[in-house]
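Take a look at the following structure, please.
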Amino acid sequence: MEREKVYYVTTPIYYVNSSPHIGSTLTTLAADILARYQKMQGLRVWFLTGTDENAIKVHRAAQERGIPTSQFVDELAEEFQQAWRVMHIEYDDFIRTTEPRHVRVVQEFFRRMLEKGDIYKGVYEGWYCVSDETFFAPSDVGEDKLCPNAECRRPLQWVQEEDYFFRLSAYGNRLLQYIEQNPDWLEPEFRKNEVIAFIKQGLRDQSVTRANPCWGIPVPGEPDKVIYVWFDALINYVSATGWPDDIECYQQLWPAVHLMGKEIFVRFHATLWPAMLMSLGLPVPERVFGHGWWTIGGEKGSKSKGNLPHPVQLAKDIATWSGAEFDIAVDAERYLLIREMQFGLDSEFSEESFRKRYNSDLANDLGNLLNRTLNMVWRYAEGRVPRPLQANAEVAELAADIVRGIAEETYRFRLNGVLEQIWRMVSRLNKYLDEQAPWSLYRAGETERAQGVLYDVLEGVRLCALWLAPTMPVATARIWQQLGIDAMPVKASWQAESAWGRLQPGTSVQQPQPLFPRITEEAVMATAERETDMEQNNLITIGDFQKLDIRIAEVKMAEPVPNTSKLLKLTIDIGGEERTLVAGIAETYSPQDVVGTQIVVLTNLQPATIRGVQSQGMLLAAEVDGKAILLTPDKPVPVGSKVR
RNA sequence: GGCGGCGUAGCUCAGUCGGUCAGAGCACACGGCUCAUACCCGUGGAGUCGGCGGUUCGAGUCCGCCCGCCGCUACCA
């Protein structure tokens with residue numbers, strides 16, 4: 001049986017210390033688009049993504065939350081999978097580095113490299129932060145010898161530890177040679193140059209173990225050591241193929257096309273990983289592509305800074321702003337994430353420009369094109385695809401040229417370029433309608449000519465949907481549906497369906513319905529206002545304040561709450577009514593200090609039982625260094641006076 | 001510090017070997033159309049192509065220097 005090489009595309013395995021963000025979404029989306037495109041080309045495709053779960057930090061994050069690490073990683077892996085489903089991302093395999101199928105292979109890599117002599121025992125030394133459990137390179141450590149982590153800044157220790165090293169230094173020349181002989185191997189070009197510079201400065205051996213037995217993949221024969229996470233993580237691309245047990249599967253899949261963010265391109269995917277493969281005598285990856293980041297104010301956006309939207313939330317926003325259904329909004333976001341990103345370079349994220357792009361490209365150009373054309377089909381052709389009048393050579397040629405362009409752009413990973421290609425057709429069709437003015441032809445009694453024009457435009461729209469299917473699998477299916485085609489473009493054969501004239505005359509089209517409703521300023525403002533009110537500003541209305549019943553009270557009695565250091569139980573007079581309060585002021589005031597004092601009390605607070613005592617209100621105090629300083633009137637006032 | 005890159009219309013960016021290269025999209029202005037999601041089509045812009053100097057018959061396009069910004073420079077999935 002002949003083995004058919006599979007188009008095998010991967011994303012990095014994501015670090016499960018937080019939820020998926022827009023950066024990991026970009027990589028995964030790009031892989032999804034490539035996978036779908038190649039499937040449509042008729043290739044067998046295997047799309048792998050997953051999660052990295054062996055880092056010490058993961059273990060510590062779980063401990064902080066007080067749950068077992070295994071449960072923690074289960075939950076996060078599920079969260080990633082959930083996010084990908086929502087974003088219409090269809091992977092074929094999801095690998096988790098805690099799975100036995102991966103652990104075994106990592107250990108096998110280790111054993112073989114050890115046998116070969118490419119892994120040897122040595123001493124690892126460096127500045128170590130006990131709190132962060134992390135080593136830092138000398139170049140990262142300042143004169144002060146404090147932890148470079150801005151949130152830590154504790155003194156570092158110079159630590160030596162016996163570890164295993166990978167003889168990376170031996171592979172520099174082979175890597176350079178390979179890069180030279182395979183000019184398309186690393187993309188984009190300018191990043192390839194960084195790799196060359198990096199290797200030329202001389203590679204140092206890489207430590208591949210850590211003395212930490214609590215979380216990670218054990219080093220064979222060394223129970224107190226685990227494999228360094230990078231060595232572990234990279235191998236996922238091979239362990240998912242079934243190597244070394246299922247050689248047949250491995251041979252069909254490997255080598256892979258790797259996609260990743262630029263931060264892990266040079267050192268890991270373009271250097272360390274190929275060298276590891278060379279050590280085992282395995283083929284290096286087929287292609288390696290490092291894309292840029294979404295930035296905010298020129299800086300890498302991160303979830304912790306909270307400045308980039310969560311991908312699912314962004315889809316919800318798009319749906320709210322535009323009124324599009326959620327699945328269409330998801331596809332719109334997929335389009336925007338690719339179209340607005342100069343692939344390979346960093347791009348500045350802006351909701352504003354996303355909205356503009358949505359309106360101009362999706363609503364005005366493509367969506368409206370479909371809508372206006374279908375409307376005319378109903379007016380001038382009774383809702384059926386009319387007959388073409390004569391072969392429209394110019395538009396058909398443009399289609400063929402675009403198909404070539406898409407292939408070229410896809411090969412170079414310039415997915416935004418693919419979309420630009422497709423919009424050549426969208427623009428041409430809008431212009432074509434204007435030039436031919438079928439509405440005028442119809443009025444002039446030239447119904448057949450008008451219908452011929454409509455056929456051309458419908459056919460052009462059909463092609464655009466076909467070409468856009470990898471990017472917008474759901475929305476394009478809707479376009480075909482409206483054209484009366486009973487099939488999904490994403491399941492179609494690219495080559496067969498790219499031929500001009502496949503649309504069958506006589507097909508009943510649907511009533512036009514705007515696929516991408518325009519985003520209006522009003523809708524955006526309304527959404528923003530709601531959000532502002534709800535979360536951001538912390539502003540309240542005067543009405544909110546008036547709900548508070550704040551009065552002057554006088555303390556009648558006070559006693560400590562037993563077995564507490566901070567609490568006093570107070571009996572107060574709020575003007576003809578006595579109340580009991582529990583107040584956290586015992587560190588500052590003794591009972592005799594407060595008896596007879598006039599204080600400020602919030603009286604209509606829901607009662608709460610504190611240490612077995614019901615507190616019917618809350619006294620107001622200033623907080624100074626964690627201690628309470630009572631508020632009291634400037635001069636004696638009648639008890640029960642209202643504060644406003 | 002070393003290596004690499006960038007600085008072109010209000011914004012985001014194209015400009016391969018030096019000679020219609022001064023461009024595209026968006027935004028803006030005006031005009032047209034009216035089938036359409038106030039949409040589409042057309043037209044327009046006194047941009048010193050970061051600055052200075054050089055090579056050349058001719059330079060965003062090559063060389064030198066300067067200014068500004070950025071990336072990489074080994075263990076942060």
Side-chain angles (χ1 to χ4, degrees), chain A residues 11-18 23-24 27 50-55 57-58 97 124 126 132 134-137 139-140 148-149 168 189-191 193-208 210 228-234 236 260-268 271-272 292 298 322-323 339-340 342 345-348 350 352-353 356-357 359-380 416-417 420 423 427 429-435 437-440 442-443 450 453-454 457 512-520:
Chain A
T11 75
I13 46 178
Y14 300 109
Y15 193 35
V16 289
N17 60 352
S18 66
S24 42
T27 318
T51 42
D52 174 24
E53 308 179 351
N54 288 329
K57 283 189 179 174
V58 172
T97 57
Y124 185 79
D132 279 356
T134 306
F135 280 95
F136 293 97
S139 56
D140 290 338
N149 177 353
L168 181 60
E189 180 105 24
F190 65 89
R191 247 186 260 294
N193 294 334
E194 289 175 0
V195 174
I196 294 171
F198 175 68
I199 297 174
K200 278 190 173 164
Q201 76 177 13
L203 296 176
R204 295 206 297 269
D205 290 349
Q206 164 80 46
S207 74
V208 294
R210 285 289 181 276
Y228 171 55
V229 287
W230 266 106
F231 187 86
D232 157 1
L234 288 164
N236 89 86
M260 78 234 48
K262 63 179 186 176
E263 75 281 8
I264 54 179
F265 177 79
V266 174
R267 285 175 261 164
F268 300 111
T271 306
L272 175 60
S322 66
R339 183 62 183 80
E340 285 282 280
Q342 295 295 322
L345 300 174
D346 291 355
S347 299
E348 182 74 3
S350 138
E352 167 95 26
S353 73
K356 279 185 179 169
R357 178 70 75 178
N359 272 350
S360 67
D361 287 10
L362 296 178
N364 296 350
D365 288 354
L366 177 62
N368 182 54
L369 173 64
L370 173 67
N371 196 249
R372 67 193 297 209
T373 309
L374 286 180
N375 195 60
M376 286 188 275
V377 170
W378 281 101
R379 281 188 184 222
Y380 312 144
N416 59 318
E420 282 169 31
W423 251 252
S427 300
L429 295 174
N430 270 318
K431 185 169 172 172
Y432 182 67
L433 276 178
D434 219 64
E435 287 166 354
W439 50 92
S440 299
Y442 182 75
R443 277 201 302 264
V453 171
L454 291 182
V457 177
Q513 183 164 23
L515 186 59
F516 302 107
R518 282 179 61 83
I519 294 173
T520 62

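Here the structure is a predicted model, which is why all the values come from computation and not from measurement. Hydrogens, waters and symmetry mates play no part in the numbers below; they use all other heavy atoms, side chains included.
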* What's the closest nucleotide to the Leu168(A) side chain, out of U37(B), A74(B), G25(B)? -> A74(B)
* Asked: What do you reckon, is CD of Gln513(A) surrounded by more than 12 foreign heavy atoms closer than 6.0 Å?
  -> no
* How far, in whole Å, is C13(B) from C35(B) if one measures between their P atoms? -> 40 Å
* Asked: Is NZ or CZ of Arg443(A) both nearer than 6.0 Å to the six-membered ring centre of Tyr380(A) and within 45° of the ring axis?
  -> no
* Which of these, Val377(A), Val453(A), Thr373(A), sits in a side chain to side chain contact (heavy atoms under 4.5 Å, CB included) with Pro438(A)? ->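 The residue from Val377(A), Val453(A), Thr373(A) that satisfies side chain to side chain contact (heavy atoms under 4.5 Å, CB included) with Pro438(A) turns out to be Val453(A).
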* Of all the nucleotides listed (C41(B), A14(B), C3(B)), which has the minimum atom distance to the side chain of Asp434(A)? ->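 Taking heavy atoms from C-beta onward, the closest nucleotide is C41(B).
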* Asked: Looking only at atom C1', what distance separates G23(B) and G15(B), rounded to whole Å?
  -> 7 Å
* To do: Nearest-nucleotide wise, let me know which of Phe198(A) and Trp439(A) is further upstream toward the 5' end of RNA chain B.
  =>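 Counting from the 5' end, the first nearest nucleotide belongs to Trp439(A).
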* To do: Using distance alone, with no hydrogens and no angle criterion, decide if Ser347(A) and Glu340(A) have a side-chain donor and acceptor under 3.5 Å apart.
  =>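 Judged by distance alone, the side chains do not pair up.
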* To do: Could you please name the option among U34(B), G71(B), G25(B) that lies closest to any side-chain atom of Arg443(A)?
  => U34(B)
* To do: Using the P atoms only, state how far A22(B) lies from U16(B), rounded to an integer number of Å.
  =>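 Their P atoms lie roughly 14 Å apart.
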* Asked: Heavy atoms under 4.0 Å, any strand shown: does Asp52(A) hit a base, just sugar-phosphate, or nothing?
  -> sugar-phosphate
* Euclidean distance for P, U34(B) against C17(B) (whole angstrom) -> 48 Å
* To do: Please tell me which of Gln201(A) and Ile13(A) maps to the more 5' nucleotide of RNA chain B, matching each residue to the nucleotide holding its nearest heavy atom.
  =>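 Looking at RNA chain B, the more 5' nearest nucleotide goes with Gln201(A).
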* Asked: Do Leu272(A) and Gln206(A) touch side chain to side chain, with heavy atoms closer than 4.5 Å?
  ->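 Leu272(A) vs Gln206(A): side chains touch.
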* **Listed nucleotide nearest any side-chain atom of Arg379(A), set A36(B), U37(B), A74(B)** =>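 Side chain of Arg379(A) sits closest to A36(B).
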* Asked: Using the glycosidic torsion, which applies to G60(B): syn (within 90° of 0) or anti (everything else)?
  ->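 The base of G60(B) is oriented syn (glycosidic angle within 90° of 0).
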* Asked: Under 4.0 angstrom, heavy atoms only, what part of the nucleic acid is Leu429(A) near: base, sugar-phosphate, or nothing?
  ->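 Answer is nothing: Leu429(A) stays at 4.0 Å or more from every strand.
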* Structure fact -> Parsed dot-bracket for RNA chain B after applying the Watson-Crick and G-U rules with both distances under 3.5 Å and | for other-strand partners is (((((((..((((.....[...)))).(((((.......))))).....(((((..]....))))))))))))....
* Same-atom distance (P) from G47(B) to G51(B), integer angstrom -> 14 Å
* Which listed nucleotide (U37(B), C76(B), C35(B)) is nearest to the side chain of Arg372(A)? -> C35(B)
* Could you check which of U37(B), C33(B), A36(B) has an atom nearest any side-chain atom of Asn375(A)? => A36(B)
* **Minimum-distance nucleotide to Glu194(A) side chain [options: A74(B), C41(B), C72(B)]** =>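 That would be C72(B).
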* Asked: So what does Tyr14(A) touch, heavy atoms closer than 4.0 Å: a base, only the sugar-phosphate, or nothing?
  ->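 Sugar-phosphate: the residue Tyr14(A), judged by heavy atoms under 4.0 Å, touches backbone atoms but no base.
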* **Atom pair distance, as rounded to whole Å: CG in Asn359(A) and P in G25(B)** =>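 Those two atoms, CG and P, are 18 Å apart.
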* For nucleotides A9(B) and G71(B), find the distance between their P atoms and express it as a whole number of Å. =>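 22 Å, rounded to whole Å.
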* In whole Å, what is the span from the NZ atom of Lys356(A) to the P atom of G10(B)? ->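 Those two atoms, NZ and P, are 15 Å apart.
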* Looking across every strand, which nucleic acid part, if any, lies under 4.0 Å from Phe231(A) by heavy atom: base, sugar-phosphate, or nothing? ->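 Answer is nothing: Phe231(A) stays at 4.0 Å or more from every strand.
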* Which value, in whole Å, describes the distance between the P atoms of nucleotides C72(B) and C57(B)? -> 43 Å
* Using distance alone, with no hydrogens and no angle criterion, decide if Asn54(A) and Asp232(A) have a side-chain donor and acceptor under 3.5 Å apart. =>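 Indeed, the side chains of Asn54(A) and Asp232(A) share at least one donor-acceptor pair under 3.5 Å.
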* **U8(B) versus G50(B) - spacing of their P atoms, nearest Å** =>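 It works out to 6 Å between them.
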* Identify which one of Thr97(A), Asp52(A), Val58(A) satisfies the side chain to side chain contact (heavy atoms under 4.5 Å, CB included) criterion when paired with Val16(A). =>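 The passing option is Val58(A).
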* Structure fact -> Ranking U37(B), C3(B), C40(B) by distance to the side chain of Leu515(A), first place goes to U37(B)
* To do: Would you mind telling me which of U37(B), A74(B), C40(B) lies closest to the side-chain atoms of Asp365(A)?
  =>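 The closest nucleotide is C40(B).
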* Donor on one side chain, acceptor on other, Ser350(A) and Glu352(A), under 3.5 Å -> no
